[in-house]
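Quick caveat: nothing in here was measured; it's all calculated off a predicted structure. Letters go in sequence order (proteins before strands), and every chain restarts at 1.
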Number of protein chains: 2
Amino acid sequence: MTPRQARLEQQRSDILHAAASLIAERGFHGMSMRDLAEATGFGVSSLYNYFASKEELLAELQIRAFETLIAAANDSRQETPDAAARLYVFIFNQVRYFIDHADVMRVLIHEAAALPAEHRQRVRSLKEAYFRIGRDAVAAVFAQGCATPDTARGPVEAVALDRATYSIFGMINWVWAWYEPTLHGTPEDVARSIHSLAVCGLVARCPASPSQEELPPGLAHRQVSLLKRQAGTK
Amino acid sequence: MTPRQARLEQQRSDILHAAASLIAERGFHGMSMRDLAEATGFGVSSLYNYFASKEELLAELQIRAFETLIAAANDSRQETPDAAARLYVFIFNQVRYFIDHADVMRVLIHEAAALPAEHRQRVRSLKEAYFRIGRDAVAAVFAQGCATPDTARGPVEAVALDRATYSIFGMINWVWAWYEPTLHGTPEDVARSIHSLAVCGLVARCPASPSQEELPPGLAHRQVSLLKRQAGTK
DNA sequence: GATTGTCGAACGAACGTTCGTTCGTCAATT
DNA sequence: AATTGACGAACGAACGTTCGTTCGACAATC
């Protein structure tokens with residue numbers, strides 16, 4: 001990659017960072033290109049050297065975010081054979097990512113509908129791919145639980161599995177709305193609470209508590225950065 | 001109430017209905033007063049006979065919604081002595097309300113930050129009051145679970161209780177993002193899935209399954225309507 | 001019972017501002 | 001000499017809001 005392209009990519013990334021912050025604060029329609037220009041230090045018109053329109057800027061932001069999320073989830077997929085532990089890794093990765101990039105998270109959740117129809121489909125398919133990864137992790141835990149001798153549950157229907165998966169995503173996605181580092185513990189605490197609720201529930205005796213044992217420090221704890229910055233900047 | 005006032009209230013309610021739908025679709029900043037005028041059949045300026053500003057319209061929408069939610073939750077609070085069953089009623093009420101009024105729900109979740117500072121505080125206190133109701137229900141289930149002899153859990157710390165409560169709210173609040181009546185079962189199915197996940201988890205043997213027994217058909221199933229319409233008008 | 005006055009309610013037009021976007025220019029880099 | 005990238009100026013459109021006016025219903029007056 002020529003230094004020309006590197007510099008261009010760097011500045012596109014900077015603009016996306018600033019845009020994520022502003023959109024998270026005021027919504028897509030609430031952020032003006034003049035706001036974004038002031039935040040980045042560019043003139044208003046210079047932004048159009050990097051993105052064709054305001055909408056394409058939003059689309060690029062969401063696409064990059066989901067691609068990063070999917071890559072991180074895939075990387076740490078087959079680390080451990082235990083289903084409950086794998087689910088914990090999945091939950092923790094996403095929780096920490098959302099806590100580290102709260103503004104991007106808000107954009108992902110809030111502004112899917114603001115996209116033009118063309119980019120909508122691309123983002124939706126990425127979202128569905130990510131959902132399937134999560135559902136596989138949930139299904140594995142489900143199957144493992146059903147295999148225990150003292151439960152008489154039959155095989156889980158697909159609809160119920162979908163509902164359970166969406167509910168678990170709900171717990172994770174809602175973190176942006178309430179989490180305060182000074183009030184609610186570490187990201188690990190949050191991930192443990194969610195995982196424990198998902199696997200064991202509020203009152204049941206928990207047959208699998210993988211939250212205690214430490215995670216492999218490699219891929220699972222790898223720092224995922226949505227909009228990658230060049231080394232040395234900021 | 002004089003028929004004059006009744007008519008005025010009726011039309012305020014109509015406008016709020018239309019606004020909820022438009023804001024849910026495009027966001028607060030994405031809805032223009034001209035859009036709202038066209039949707040309601042009023043002229044643009046006539047809207048200002050009913051609301052002082054666009055922001056006050058949003059504030060009124062949110063305040064009414066939370067007041068309705070709180071009233072419904074309070075009504076069905078002490079129906080049954082069983083903690084798990086009470087939690088189910090709480091979950092089901094909110095799930096059904098969100099399914100019936102998906103647009104209002106989206107406004108509540110998305111547009112809290114768009115409020116001016118004055119109304120912000122009022123909405124926030126309502127939200128906190130509602131949270132406390134939910135947390136009490138969760139705490140009761142927690143305490144009941146801890147009392148069972150085969151678990152060795154100590155008393156639940158306040159922080160963990162908060163995290164669990166927020167997570168359960170997350171499952172419920174996320175429903176708007178995925179629920180499709182033709183794909184994901186009835187509202188009762190959704191509430192049962194969430195409640196089962198909250199109380200029993202994915203794999204644990206469930207000590208309390210109150211979802212099977214029917215609910216009292218009175219207050220718990222009472223239809224809650226956010227923006228009350230006069231009888232007889234569509 | 002006709003006339004008059006009051007007032008709420010709805011409107012079109014226009015306000016000043018801000019929106020996203022385009023264009024021509026010009027300095028800096030290659 | 002050629003290309004890139006940053007810029008201010010300007011565009012038409014749309015924004016939230018205000019204004020003056022009009023219309024029709026209802027009570028009080030004659």
Item to complete: Name the nucleic acid region contacted by B/Gln11, choosing base, sugar-phosphate or nothing; use a 4.0 angstrom heavy-atom cut-off, strictly under.
Response: sugar-phosphate
Worksheet item: With a 4.0 Å cut-off on heavy atoms, is B/Gly41 in touch with a base, just the backbone sugar-phosphate, or nothing at all?
Response: sugar-phosphate
[atom1] of [X] versus [atom2] of [N]: gap in Å, rounded?
X: B/Leu8; N: D/dA25; atom1: CG; atom2: C1'; answer: 16 Å
X: B/Asp14; N: C/dA10; atom1: CG; atom2: P; answer: 11 Å
X: B/Glu38; N: C/dC11; atom1: CD; atom2: C1'; answer: 16 Å
X: B/Met33; N: D/dA14; atom1: CE; atom2: P; answer: 18 Å
X: B/Leu22; N: D/dC15; atom1: CG; atom2: C1'; answer: 16 Å
X: B/Lys54; N: D/dA14; atom1: NZ; atom2: P; answer: 15 Å
X: B/Met31; N: D/dG16; atom1: CE; atom2: P; answer: 7 Å
X: B/Leu47; N: D/dC15; atom1: CG; atom2: C1'; answer: 14 Å

Worksheet, complete the sentence: Contacts of B/Ser45 and A/Tyr50 projected onto DNA chain D by closest heavy atom; the upstream (5') one is A/Tyr50
Response to the item:
Nearest-nucleotide check on DNA chain D, A/Arg34 vs A/Phe42; residue mapping nearer the 5' end is A/Phe42
Fill in: Any A/Arg7 side-chain N or O less than 4.0 Å from OP1/OP2 of D/dA6
yes
Discussion item. For C/dA9 and B/Ser46 - does any side-chain N or O of the residue sit under 4.0 Å from the phosphate oxygens OP1/OP2?
Written reply: no
Fill in: Under 3.5 Å donor-acceptor, B/Gln94 side chain and B/Ala73 backbone
no
Worksheet item: Does B/Thr40 use its side chain to pair, donor to acceptor, with the backbone of B/Leu36 at less than 3.5 Å?
Response: yes
Worksheet item: Between the side-chain atoms of B/Asn49 and the base atoms of C/dA9, is any donor-acceptor pair under 3.5 Å?
Response: no
Practice prompt. Measure the CD1-CZ distance between A/Ile70 and A/Phe131 for me, rounded to the nearest 0.5 Å.
Written response: 13.0 Å
Worksheet item: Going through the distances and angles, do B/Glu38 and B/Arg34 end up as a salt bridge (charged side-chain N to carboxylate O under 4.0 Å, His left out)?
Response: CA-CA 6 Å; B/Glu38 191 175 8; B/Arg34 287 165 180 81; over 6 Å; no
Worksheet item: Between A/Phe90 and A/Tyr130, is the gap from one ring center to the other below 6.0 Å?
Response: yes
